[in-house]
Amino acid sequence: LYSICEGKDVGDAIFLIASQINHGKELIEKDDALCIPVAKLNMKAGKMALDGCDHKMAYFYFLAALSSLPDDIWDSHYDLSLRLTFLMAR
């Protein structure tokens, strides 16, 4: 599912894709190569939910994004951490 939407505008299908991927979160956490792309996917879904005034779903996707990131995210991916934190505060 992720490879289908990577770099493409999939519209509202992003919510279904992100939700399905989040159901397999335990497998993703074991694969460091997928953590950042999945976090970015959840961030994108969260932004779309926020734009649609669905704050509860936006928070869910932002929280999923943050929880899929490694512990050293502020050192290794500062910009992503900062954007996610600001979006959650919104």
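All heavy atoms count here, side chains included; hydrogens, waters and symmetry mates do not.
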Linking I/L/V/M/F/W/Y whenever their side-chain heavy atoms sit closer than 4.5 Å, directly or via other members, would L34 and L84 fall into one cluster? no
Side chains of residues 69-82: which donor-acceptor pairs under 3.5 Å do they make with residues two or more places apart or in other chains?
from : atom 1 : to  : atom 2 : distance (Å)
S76  : OG     : D72 : O      : 3.1
S81  : OG     : I73 : O      : 3.3
S81  : OG     : H77 : O      : 3.0

Mind checking what makes ring-ring contact (aromatic ring centres under 6.0 Å, His included) contact with F86, not counting sequence neighbours? none
Tell me which donor-acceptor pairs under 3.5 Å the side chains of residues 46-64 have, and how far apart each pair is, sequence neighbours excluded?
from : atom 1 : to  : atom 2 : distance (Å)
D54  : OD1    : M57 : N      : 3.4
Y61  : OH     : F15 : O      : 3.2
Y61  : OH     : S19 : OG     : 3.0

Looking at OG of S68 and NZ of K40, how far apart are the two atoms once the value is rounded to the nearest 0.5 Å? 11.5 Å
If you measure from CG on N42 to CG on L66, what distance do you get to the nearest 0.5 Å? 9.5 Å
